[in-house]
Amino acid sequence: MFDVIIIGGGVSGVSCALVLGSAHKKSFAQDKKIGIITHQKTSSLQEALFNNAYGISPGKLGSELLTESLEHLENLYPHITQIEEEKVLKIEGQHPNFTIFTNKNAYKAKNVVIGIGASNTFAIEGATQYLEPHKKSVAEKQHVQLKNEDHKVTEGMYVIGTLAGHRSQLAIAAGSGASVATDILTIWNDGISSQIHDARRK
């Protein structure tokens, strides 16, 4: 049983995983089991070039970020389980007992975070009932989002990135994933507002 499974290894998904992973020394998070399903075959990052993203050197390729961010996650927070080359097909159940079915396996999770982009090809059974037209995308693109209130779709199910209704901008997607991570940390910390910062010791 995972405490959280994140679906999607793009900007929002990895950002969420990094923040959750960085909390491992906190008493309320140290025993939590976290997984991320990193299948991103059609990620928009693969064609991206970044010159205007805070903290990223100009000329950085999105394809490089896809690889480097997962290496970063593995190197700093190896306790997070990375599930590769599996595509999510179906989500069953409800909080705190979801079952996530991929093309290869099934996983149990108390919470699910979905961050796989806003394409109208979204077809995860068990979440399609929440689909609606994307509110910040041009109509011609026929993008979609999951109905949500501050990223929360239903109890224990969250949506992040463009699929949450945000515009396609790296900084926005990263912030969306981090925001949900801090919401989950706050729940784990008995409702006490929580965020994780590293600092140089003086």
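All values below were derived from every heavy atom in this structure, side-chain atoms included, with hydrogens, water molecules and symmetry-related copies excluded. Sequence positions, counted from 1, serve as the residue numbers for this chain.
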[Y] reachable from [X] in the ILVMFWY side-chain graph, under 4.5 Å edges:
| X | Y | result |
| --- | --- | --- |
| Val159 | Ile37 | yes |
| Leu76 | Ile80 | yes |
| Ile91 | Leu163 | yes |
| Leu131 | Val153 | yes |
| Ile56 | Leu66 | yes |

Quick one: list whatever passes salt bridge (charged side-chain N to carboxylate O under 4.0 Å, His left out) with [X], sequence neighbours left out.
| X | value |
| --- | --- |
| Asp3 | Lys110 |
| Lys135 | Glu132 |
| Glu85 | none |
| Lys147 | none |

I need the [X] [atom1] to [Y] [atom2] distance, nearest 0.5 Å.
| X | Y | atom1 | atom2 | result |
| --- | --- | --- | --- | --- |
| Ile192 | Leu185 | CD1 | CG | 12.5 Å |
| Gln129 | Thr154 | CD | OG1 | 9.0 Å |
| His79 | Lys32 | NE2 | NZ | 12.5 Å |
| Ile83 | Phe2 | CD1 | CZ | 4.5 Å |
| Tyr77 | His72 | OH | NE2 | 5.5 Å |
| Trp188 | Ser194 | CH2 | OG | 11.0 Å |

Original post:
Does the side chain of Ile36 come within less than 4.5 Å of Thr81's, by heavy atoms?
Top reply: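 Thr81 does not reach Ile36 side chain to side chain.
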
**OP:** Check whether any side-chain heavy atom of Gln145 sits under 4.5 Å from a side-chain heavy atom of Thr162, and report yes or no.
**Re:** no

Subject >> Residue Glu149 excluded, over 12 heavy atoms near CD under 6.0 Å >> reply: no

Subject >> Criterion side-chain contact (heavy atoms from CB on, under 4.5 Å) on Glu92 and Lys90, from CA distance to verdict >> reply: CA-CA 7 Å; Glu92 278 188 356; Lys90 183 178 181 181; 2.8 Å; yes

Looking only at heavy atoms, what is the nearest atom pair of [X] and [Y], with distance?
| X | Y | answer |
| --- | --- | --- |
| Ala127 | Leu146 | O-CD2, 3.7 Å |
| Ala106 | Phe101 | CB-CD2, 3.8 Å |
| Lys152 | Tyr158 | CA-CD2, 4.1 Å |
| Ala53 | Leu170 | CB-CD2, 4.1 Å |

Using a 3.5 Å cut-off and no angle test, enumerate the donor-acceptor pairs between side-chain atoms of residues 14-26 and protein atoms at least two apart in sequence or in another chain.
{"unit_1": "Ser15", "atom_1": "OG", "unit_2": "Ala174", "atom_2": "O", "d": "2.7"}
{"unit_1": "Ser22", "atom_1": "OG", "unit_2": "Leu18", "atom_2": "O", "d": "3.4"}
{"unit_1": "Ser22", "atom_1": "OG", "unit_2": "Val19", "atom_2": "O", "d": "2.8"}
{"unit_1": "His24", "atom_1": "ND1", "unit_2": "Gly21", "atom_2": "O", "d": "2.9"}

**OP:** Consider only side-chain N and O atoms of His151 and Ser176, and report whether a donor and an acceptor are under 3.5 Å apart.
**Re:**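 Yes, a side-chain donor-acceptor pair sits under 3.5 Å.
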
Original post:
Do Thr99 and Lys108 have a side chain donor and acceptor closer than 3.5 Å?
Top reply: yes

Salt bridge (Lys or Arg N to Asp or Glu O under 4.0 Å): pairs with one or both residues in [range], sequence neighbours excluded:
| range | answer |
| --- | --- |
| residues 46-67 | Lys60-Glu64, Lys60-Glu68 |
| residues 184-193 | none |
| residues 169-188 | none |

Subject >> Listed partners of Lys136 passing side chain to side chain donor-acceptor pair (under 3.5 Å), at least two apart >> reply: none

Original post:
Can you name the side chain to side chain donor-acceptor pair (under 3.5 Å) partners of Gln169, sequence neighbours left out?
Top reply: none

What pairs of donor and acceptor atoms, side-chain ones from residues 113-126 against any protein atom, are under 3.5 angstrom apart with sequence neighbours left out?
{"unit_1": "Ser119", "atom_1": "OG", "unit_2": "Thr121", "atom_2": "N", "d": "3.1"}
{"unit_1": "Ser119", "atom_1": "OG", "unit_2": "Thr121", "atom_2": "OG1", "d": "2.8"}
{"unit_1": "Asn120", "atom_1": "ND2", "unit_2": "Gln142", "atom_2": "OE1", "d": "3.3"}

Original post:
What residues, two or more places apart in sequence or in another chain, satisfy ring-ring contact (aromatic ring centres under 6.0 Å, His included) together with His134?
Top reply: none

Original post:
Any sub-3.5 Å donor-acceptor pair from Gln82's side-chain atoms to Leu70's backbone N or O?
Top reply: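 Side chain of Gln82 to backbone of Leu70, a donor-acceptor pair under 3.5 Å: yes, one is there.
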
**OP:** Ignoring hydrogens and angles, tell me if any N or O in the side chain of Ser179 forms a donor-acceptor pair with the backbone of Gly175 under 3.5 Å.
**Re:**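 The answer is no, because no donor-acceptor pair under 3.5 Å joins these two groups.
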
Original post:
Step by step, would you call Glu86 with Asn103 a side-chain hydrogen bond (donor to acceptor under 3.5 Å, both in side chains)?
Top reply: CA-CA 6 Å; Glu86 295 188 31; Asn103 57 329; over 6 Å; no

